[in-house]
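Since the structure comes first, as structure tokens, the remarks are kept for the end.
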Number of protein chains: 2
Amino acid sequence: MDTKKKDSIKLTPQRIAIIECLEGNTSHPSAAEIYSVVSEKYPTMSFATVYNTLQTLREKGRVIELSIDSGKMRFDPNTKPHHHLICVQCKNITDVHRKFALNLPEGERCDYEIIGNHVDFYGICPGCKKKK
Amino acid sequence: MDTKKKDSIKLTPQRIAIIECLEGNTSHPSAAEIYSVVSEKYPTMSFATVYNTLQTLREKGRVIELSIDSGKMRFDPNTKPHHHLICVQCKNITDVHRKFALNLPEGERCDYEIIGNHVDFYGICPGCKKKK
DNA sequence: TTTTTACTTTATAATTATTATAATATAAGA
DNA sequence: TCTTATATTATAATAATTATAAAGTAAAAA
Ligand SMILES: [Mn+2]
Ligand SMILES: [Mn+2]
Ligand SMILES: [Zn+2]
Ligand SMILES: [Zn+2]
């Protein structure tokens, strides 16, 4: 809710545009998609700024990186634990807010210290179903 | 168990080396790691051959691509459905053979046709725990 | 308010993973 | 053995991301 001092970042117009693009965005955009949106408002926007800002936001815990799409990173401003429903065809990602009680029994933990888990559901989205 | 005619591929020494490198391999190697292993036996081995062969094996359903590690693909010769335990520090991937009964209720499916699911457990592996 | 300073943006180059191309080589069937 | 479709290789091309360094600017200090 409220941001601690350590979480504050210098608010430049570019950063504000990137943050606004992400705010409430459930499309899990790639860096290129974010660049494409913000560069409309700021034509001088550089790709490096998008990457720099995303890295800063990640360090501050305001965005999460998803390694779901092969080749490119996708970003999620929803940092609360949740799961995903992924279209295997168009790679659309939809949030799943339901909680799952998944506990690995001692024997399956291989001495790992377990931090958390994440479920990916795979399927075909309504849009792709329509296209036969 | 037995390979159908359609699944047969021309067996070259390079392909055999790559297949043998993958056979029973539970380390979920990257293309570079596979190249590094097979190029010891075949010094003329090309990176393109590793990628070509991996693509062929994937098309034949003999290997699975994992988009877990940011930046690079990792490959899993175990194509039976299973889950993973991932070290957030060194990106070691350990198989989890336990089954989870995960069914999304109608309301959460967003009209997707659901094909399957996969669970990633995150944690710190014993090796990384030791290094403080 | 002006000055200072540390941080940010930008253009550009570099890096890394992967895919494409085309000439040469070869496994496997006739 | 001969033939041919397919595989391998060197090499170039592409795509995503990271690094560098000069120039700009938000915010703190004076
Ligand atoms: Mn999400
Ligand atoms: Mn596995
Ligand atoms: Zn789709
Ligand atoms: Zn580890």
Side-chain angles (χ1 to χ4, degrees), chain A residues 3-22 28-60 62-76 91 93, chain B residues 3-22 28-60 62-76 91 93:
Chain A
T3 36
K4 297 164 218 126
K5 234 174 219 151
K6 287 283 175 59
D7 291 346
S8 73
I9 61 175
K10 204 182 269 189
L11 282 178
T12 64
Q14 294 88 340
R15 283 179 167 183
I16 290 167
I18 291 166
I19 289 166
E20 278 176 355
C21 168
L22 286 167
H28 307 84
S30 64
E33 283 160 351
I34 294 166
Y35 172 81
S36 147
V37 168
V38 294
S39 66
E40 250 173 74
K41 194 166 181 183
Y42 294 92
T44 67
M45 171 74 63
S46 143
F47 242 108
T49 297
V50 173
Y51 279 109
N52 288 341
T53 302
L54 285 169
Q55 188 180 332
T56 302
L57 293 176
R58 186 178 23 137
E59 282 163 3
K60 303 292 181 189
R62 296 186 55 177
V63 85
I64 280 169
E65 273 188 351
L66 306 178
S67 301
I68 279 171
D69 216 338
S70 61
K72 62 177 171 244
M73 233 46 177
R74 294 180 62 172
F75 298 87
D76 192 342
K91 299 292 166 66
I93 303 176
Chain B
T3 36
K4 296 165 218 127
K5 235 176 217 150
K6 287 283 175 59
D7 290 346
S8 73
I9 62 174
K10 200 185 272 189
L11 282 179
T12 64
Q14 294 88 340
R15 282 179 167 183
I16 290 167
I18 291 167
I19 289 165
E20 279 176 353
C21 168
L22 285 168
H28 308 84
S30 64
E33 284 160 350
I34 293 165
Y35 171 81
S36 147
V37 168
V38 295
S39 67
E40 250 173 74
K41 195 167 181 182
Y42 294 92
T44 67
M45 170 75 63
S46 143
F47 242 109
T49 297
V50 173
Y51 279 109
N52 288 341
T53 303
L54 285 169
Q55 188 180 331
T56 301
L57 292 175
R58 185 176 24 138
E59 282 163 2
K60 301 294 180 187
R62 296 186 54 177
V63 86
I64 280 169
E65 272 188 352
L66 306 178
S67 301
I68 280 172
D69 216 338
S70 62
K72 61 177 173 244
M73 235 45 177
R74 294 183 60 174
F75 298 88
D76 193 341
K91 297 293 167 64
I93 304 176

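Per chain, numbering begins at 1; letters A, B, ... match sequence-line order.
- With rounding to the nearest 0.5 Å, the separation of CD1 in B:Ile18 from OG1 in B:Thr53 is 3.5 Å.
- Nearest heavy-atom pair across B:Glu33 and B:Ser30 is OE1-N, 2.8 Å.
- With contacts defined as side-chain heavy-atom distances shorter than 4.5 Å, the pair B:Lys72/B:Lys91 does not qualify.
- Taking the side chain of B:Tyr51 as heavy atoms from C-beta on, and the options C:dT18, D:dT9, D:dT18, the nearest nucleotide is C:dT18.
- The stretch residues 33-44 of chain A has no heavy atom under 4.0 angstrom from DNA chain D at all.
- Of all heavy-atom pairs spanning A:Ser36 and A:Ser39, the tightest one is O-OG, 3.4 Å.
- Expressed to the nearest 0.5 Å, how far CZ of A:Phe75 lies from CG of A:Leu22 amounts to 9.0 Å.
- No donor-acceptor distance shorter than 3.5 angstrom exists from the side chain of B:Glu40 to the backbone of B:Val37, with no hydrogens or angles considered.
- Between the side chain of B:Gln55 and the main chain of B:Asn52, no donor-acceptor pair closer than 3.5 Å is present.
- OP1 or OP2 of C:dT9 has at least one side-chain nitrogen or oxygen of A:Arg15 nearer than 4.0 Å.
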Can you name the atoms? Protein N/O to nucleotides 19-23 of chain D N/O, anything below 3.5 Å, with the distance.
none

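- Heavy-atom nearest nucleotides on DNA chain C were determined for B:Ser30 and for B:Thr12, and the one closer to the 5' end corresponds to B:Ser30.
- Atom-to-atom distance recorded for A:Leu11:CG and A:Ile9:CD1 is 6.0 Å, nearest 0.5 angstrom.
- Distance SG/B:Cys21 to CD1/B:Ile16: 14.0 Å, rounded to 0.5 Å.
- Nucleic acid contact for B:Lys10: base, since at least one base atom lies under 4.0 Å from a heavy atom of the residue.
- Checking C:dT10, D:dT8, C:dA27 against every side-chain atom of A:Ser46, the shortest atom distance belongs to C:dT10.
- Checking the phosphate oxygens (OP1, OP2) of C:dT10, a side-chain nitrogen or oxygen of A:Thr49 falls inside 4.0 Å.
- Smallest separation of non-hydrogen atoms from A:His28 and A:Arg74: O-NE, 2.7 Å.
- Heavy atoms only, all atoms of each residue included: B:Ala17 and B:Tyr42 are closest at CB-CE1, 3.7 Å.
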Scan nucleotides 13-16 of chain C against the protein and return all N/O pairs shorter than 3.5 Å with their distances rounded to 0.1 Å.
none

